[in-house]
Protein chains: 2
Amino acid sequence: MSTKEDILNAAMAVFAEHGFHAGTVRDICDQAGANVAAVNYHFHDKTSLYAEVLQHAYRNAGIGEPMPLLADEPDHPAKQLGAWIAWYVRRLLHSGGTDVGRLMAREMAEPTEALDYLAKGAVQPVFMELGRLVDAACGGSLDERALKLQCVAIVGQCLVFHTGRAMLERLDPPHFGYEDADEIASHITKWALRSFDTSNVDAET
Amino acid sequence: MSTKEDILNAAMAVFAEHGFHAGTVRDICDQAGANVAAVNYHFHDKTSLYAEVLQHAYRNAGIGEPMPLLADEPDHPAKQLGAWIAWYVRRLLHSGGTDVGRLMAREMAEPTEALDYLAKGAVQPVFMELGRLVDAACGGSLDERALKLQCVAIVGQCLVFHTGRAMLERLDPPHFGYEDADEIASHITKWALRSFDTSNVDAET
DNA sequence: TCTGGATCCAAACATACGTTTTAAACATCT
DNA sequence: AGATGTTTAAAACGTATGTTTGGATCCAGA
């Protein structure tokens, strides 16, 4: 493995652990077994290194299980939506402690230009696939606005186990961890499908 | 207004904008119209100042609308749950651009000891009141585990409009802002109440 | 083997930062 | 007014950090 890759990996760990400003290039280089000047040789400066780290993290985030698509099971949209939710929850809970997840969380709290790229490249396609699945699962009965609300609601229920992890751990000792992924996913799925069954009848309000 | 308060307010703004490490005491003092040494005089050091800023922010976060309680309307738990959700969503969307919200988001991404205090003092009581409301709204038909899942699900659907704001803005031009608070809240409430109606019938799976 | 470019390293540089020092300005009380 | 304690101001200190420098080392290709 080249020194450049070593630095990239070390930088990912350090930036995830301490953030951009608190993470020092000396720490990165020590952890990579390289000299201090290596960062400025291989990458132009610390900022450029950070940008490459984010792209590196984003590329490596997709590996693992492939995302369940509506096109894979066009005749069973509800089942496939459940698979998608399970996949997403597992991904979130798993990436909770990883560098990728922490880098993403940091970017959300303090967006840089790099977030634009991540949004367009990584999040947009995932979100759109969810839109297709929800639309199919409810039989196309939702208009665009309601569809978007449903998607955000599903994502929110999954995301809270990632973004709110620090708080959940401090609120209730038996918090939700990776081992609860399937239980959580089935709960969310059940809730989502139930709401579709009655989403066209607007009796109350 | 005393210099100490000026520094506290300036520090809140600076820390919210740039975070703890990137926010400098020189920047804070300039913004407060004070001398650099003022921080170390009034507060012991930068770290102590940050701790006091968090507490200051947390204290000022509760002002505004009071939280709807189950005890206020013991006979209409569903209605009161809707009021709670509306209150919470409004609070989140409103605090999205404020210093308090950004400080909280930062603490979530990079927890310090101060988060423990915030969890116990600020979040725990809010979360417990939600638990009481959900329990009452569904007629006590949920066990502790399911109740907790429901609460987290509701909080997640609200929270995503705050934590995911940066991403939502970049995904879809017509994103959700403060003016959509009521629409969002009623959507979440409708969804939650619907799931209670059928939460005891476990036909599928 | 010689050469030229690529890579790596130890040291130094410049600067920004948190903190301390010293003294002046101010306020309060007798 | 004078003494005393509190607050502010300017300057400097020590250090950590990003970056640069100049030369050493490595490694194909002629």
Side-chain angles (χ1 to χ4, degrees), chain A residues 1-57 99 102-103 106-107 109-115 117, chain B residues 1-57 99 102-103 106-107 109-115 117:
Chain A
M1 190 188 275
S2 69
T3 311
K4 187 168 178 178
E5 287 174 85
D6 286 340
I7 292 180
L8 213 48
N9 288 324
M12 199 163 106
V14 170
F15 284 143
E17 180 71 22
H18 302 103
F20 174 72
H21 280 100
T24 73
V25 316
R26 278 179 169 83
D27 193 4
I28 291 169
C29 290
D30 282 0
Q31 198 160 320
N35 188 270
V36 207
V39 155
N40 301 80
Y41 176 74
H42 289 285
F43 313 85
H44 181 56
D45 53 9
K46 188 188 179 185
T47 308
S48 305
L49 169 62
Y50 180 70
E52 287 214 33
V53 161
L54 278 187
Q55 295 185 31
H56 181 75
D99 301 337
R102 306 178 70 179
L103 284 170
R106 232 173 258 280
E107 273 294 310
E110 189 180 1
T112 69
E113 338 80 56
L115 188 58
Y117 179 79
Chain B
M1 189 187 276
S2 69
T3 310
K4 186 168 180 177
E5 288 174 86
D6 286 340
I7 292 179
L8 212 48
N9 288 324
M12 200 164 105
V14 169
F15 284 144
E17 181 72 20
H18 302 103
F20 175 72
H21 281 100
T24 74
V25 315
R26 280 180 167 82
D27 193 4
I28 291 169
C29 290
D30 281 1
Q31 198 159 319
N35 188 270
V36 207
V39 156
N40 302 81
Y41 175 75
H42 289 286
F43 314 86
H44 182 55
D45 52 10
K46 189 189 178 184
T47 308
S48 306
L49 169 62
Y50 181 70
E52 287 214 32
V53 162
L54 279 187
Q55 295 185 31
H56 181 75
D99 300 338
R102 305 179 71 179
L103 284 171
R106 233 173 258 280
E107 274 292 315
E110 190 179 0
T112 70
E113 339 79 60
L115 188 58
Y117 179 79

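A, B, ... follow the sequence lines: proteins, then strands. Residue 1 opens every chain.
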Tell me what B:G33 touches on the nucleic acid: a base, only sugar-phosphate, or nothing, going by heavy atoms under 4.0 Å. nothing
What does B:A38 touch in the nucleic acid at a heavy-atom separation under 4.0 angstrom: a base, only the sugar-phosphate, or nothing? nothing
What's the CZ-P distance between B:R26 and C:dT20, to the nearest Å? 13 Å
For the pair A:N35 (side chain) and A:A38 (backbone), establish whether a donor and an acceptor sit closer than 3.5 Å, ignoring hydrogens and angles. no
A:H44 side-chain N/O to D:dT19 phosphate OP1/OP2 under 4.0 Å: no
Assert: residue with more 5' nearest nucleotide on DNA chain C, out of B:F20 and A:A34, is A:A34
Polar contact flag, side-chain donor to acceptor under 3.5 angstrom, B:D6-B:T3: no
Rounded to whole Å, CD1 of A:I7 lies from C1' of C:dC8 at a distance of 10 Å
Between atom CZ in B:F43 and atom C1' in C:dT19, what is the gap in whole Å? 16 Å
I need the NE2-C1' distance between A:H18 and D:dA16, as an integer number of Å. 15 Å
Quickly work out the B:D27 CG to C:dT19 P distance and round it to whole Å. 16 Å
Rounded to the nearest angstrom, tell me the gap between atom CD in A:E5 and atom C1' in C:dC8. 17 Å
Look at the side-chain N and O atoms of A:H21 and state whether any lies under 4.0 Å from the OP1 or OP2 oxygen of D:dG18. no
Donor-acceptor contact present, side-chain A:R106 to main-chain A:A16, <3.5 Å: yes
When you measure from the centre of the six-membered ring of B:Y41, is the NZ or CZ of B:K4 under 6.0 Å away and within 45° of the axis? no
Expressed as a whole number of angstroms, how long is the span from B:K4:NZ to D:dT8:C1'? 15 Å
Regarding the side chain of B:K46, the nearest nucleotide among D:dT19, D:dT8, C:dT19 is C:dT19
Choose from C:dA12, D:dA10, C:dG18 the nucleotide whose nearest atom is closest to any side-chain atom of B:N35. D:dA10
Does C:dT19 have OP1 or OP2 under 4.0 Å away from a side-chain N or O of B:N40? yes
With the side chain of A:Y41 defined as its heavy atoms from C-beta on, choose the nearest nucleotide among C:dT19, C:dA6, D:dT19. C:dA6
Do B:R102 and B:E17 sit within salt-bridge range, that is, some charged N less than 4.0 Å from a carboxylate O? yes
Short side-chain N/O contact to C:dC8 OP1/OP2 from A:T3, under 4.0 Å: yes
What's the CG-P distance between B:D45 and C:dT21, to the nearest Å? 14 Å
Strictly below 4.0 Å: does B:T24 bring a side-chain N or O up to OP1 or OP2 of C:dA16? no
Choosing from D:dT19, D:dA10, C:dC8, which nucleotide comes nearest the side chain of B:A37? D:dA10
